[in-house]
Number of protein chains: 2
Amino acid sequence: MNYSVKEIAEKMGLTEHTIRYYTDQNLFPCKRDSNNRRVFDDQSVNWLQGIKCLRACGVSIEDIKIYCDLCLEGDVTIPERHQFMLHQQELAQERLREAQEVANYMDYKVKHYEEILANKIPDDMNPATKETPGVGKQVG
Amino acid sequence: MNYSVKEIAEKMGLTEHTIRYYTDQNLFPCKRDSNNRRVFDDQSVNWLQGIKCLRACGVSIEDIKIYCDLCLEGDVTIPERHQFMLHQQELAQERLREAQEVANYMDYKVKHYEEILANKIPDDMNPATKETPGVGKQVG
DNA sequence: TTAGTATATTCGTCTAACTCGAAGTCAAGA
DNA sequence: TCTTGACTTCGAGTTAGACGAATATACTAA
């Protein structure tokens with residue numbers, strides 16, 4: 001099964017621009033037809049699924065290229081790919097912790113405003129909220 | 001207590017570039033001395049603490065400006081600021097869910113490579129790992 | 001007075017990962 | 001033949017700064 005840029009963009013939930021961008025960056029092999037048009041197949045779908053996941057995980061295009069190149073080299077690079085993923089796993093755990101902190105901070109802020117609205121805190125007791133956002137700090 | 005760009009940058013853990021950028025974007029009031037140099041005080045520290053937190057929460061400069069402008073208008077805008085924070089709270093919760101998914105995905109990937117390395121999965125049973133990253137998809 | 005040092009200022013360019021639009025190419029259909 | 005639609009490349013815009021250069025000001029030492 002062959003796909004055009006438009007078809008694979010639709011199938012993968014990416015824009016045509018993004019598809020072209022990825023192929024221009026040589027993230028994965030991409031053939032051309034006699035009219036110089038990009039031609040994709042089911043293998044391309046596989047590549048794009050993986051790339052999409054890695055992007056969603058916050059991996060940069062540069063690092064994705066490194067990883068994809070390792071994949072292209074075959075089984076010899078499995079230990080390297082393992083290391084790559086271990087590193088990404090660490091990064092993911094750190095981001096998860098940060099996201100948790102941010103969520104806590106927002107919960108605090110919302111609660112804070114709700115207390116003010118319920119008049120539990122008289123205005124003159126929390127002057128900072130009047131003119132600066134600097135209440136309940138230190139996140140990230 | 002007054003601070004120069006350099007002093008407040010150091011105090012806040014931001015670069016001088018960033019401080020200048022924030023003042024150029026009019027995120028918060030900033031005075032100038034007779035030599036046109038930026039002058040900061042303890043109120044500025046308050047502003048910057050709040051701004052830093054919001055950035056760490058992934059809030060865009062544009063939205064931070066909206067929020068800071070509301071703060072400058074005083075207590076009348078407390079309901080609006082409450083709404084703003086409710087929205088940010090939702091976004092934070094969504095990002096937390098995503099971060100959790102990403103972490104799970106990475107755990108899966110690492111385990112996958114470790115199984116291959118332990119020879120629990122013969123190579124010819126998982127051909128996709130040889131040439132594409134598309135194994136264990138759908139994140140984000 | 002002069003030079004050096006340490007700041008500060010603005011301006012302009014660079015980045016990532018797209019996003020968007022323009023201008024041109026190409027084949028198929030009415 | 002003309003139009004449509006999809007494709008091509010190229011160049012510029014985006015965000016939130018990072019960074020360097022040229023310039024200006026003030027303080028200090030010789």
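As the structure is a prediction and not an experimental result, all values here were calculated from the model. Within every chain, numbering begins at 1; the chains are lettered A, B, ... in the order of the sequence lines, protein sequences first and strands thereafter.
Between A:I64 atom CD1 and C:dA16 atom C1' there is a gap of 12 Å when expressed in whole angstrom units. Taking atom CG of A:D33 as the reference point, atom P of C:dC26 lies 12 Å away to the nearest angstrom. One interatomic measurement links the two molecules: CD1 of B:I8 to C1' of C:dT7, which rounds to 16 Å at whole-angstrom precision. The nearest whole Å value for the distance from the CD atom in A:E7 to the P atom in D:dC7 is 7 Å. Taking atom CD of A:E16 as the reference point, atom P of D:dG5 lies 14 Å away to the nearest angstrom. Between B:K31 atom NZ and C:dT9 atom P the separation is 16 Å, expressed in whole Å. Between the P atom of C:dA16 and the NZ atom of A:K65 lies a distance of 15 Å, rounded to the nearest Å. For the pair A:K6 NZ and C:dA27 P, the computed distance is 19 Å after rounding to whole Å.
Summarising the geometry, atom CD belonging to A:Q89 is positioned 11.5 Å from atom SG belonging to A:C57; distances are rounded to the nearest 0.5 Å. To the nearest 0.5 Å, the span separating CD on B:Q88 from CD1 on B:I64 amounts to 8.5 Å.
Listed pair B:R38 / C:dT9 meets the phosphate criterion, a side-chain N or O lying under 4.0 Å from OP1 or OP2. Taking side-chain N and O atoms only, B:R20 has no distance below 4.0 Å to OP1 or OP2 of C:dT10.
Cluster annotation: A:L70 and A:V76 are assigned to distinct hydrophobic clusters (Ile/Leu/Val/Met/Phe/Trp/Tyr, side-chain heavy-atom contacts under 4.5 Å, transitive). The cluster map of Ile, Leu, Val, Met, Phe, Trp and Tyr, joined by side-chain heavy atoms under 4.5 Å apart, puts A:F84 and B:L117 in the same cluster.
Taking 4.5 Å as the limit, every side-chain heavy atom of B:E7 sits out of range of all side-chain heavy atoms of B:E10.
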> Going 5' to 3' along nucleotides 15-26 of chain D, which nucleotides have protein heavy atoms under 4.0 Å from the base (write B), which only from the sugar-phosphate (write S), and which from neither (write -)?
Replying inline: -BBSBB----BS
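By the 4.0 Å N-to-carboxylate-O rule, B:K65 lies close enough to B:D69 to be salt-bridged with it.
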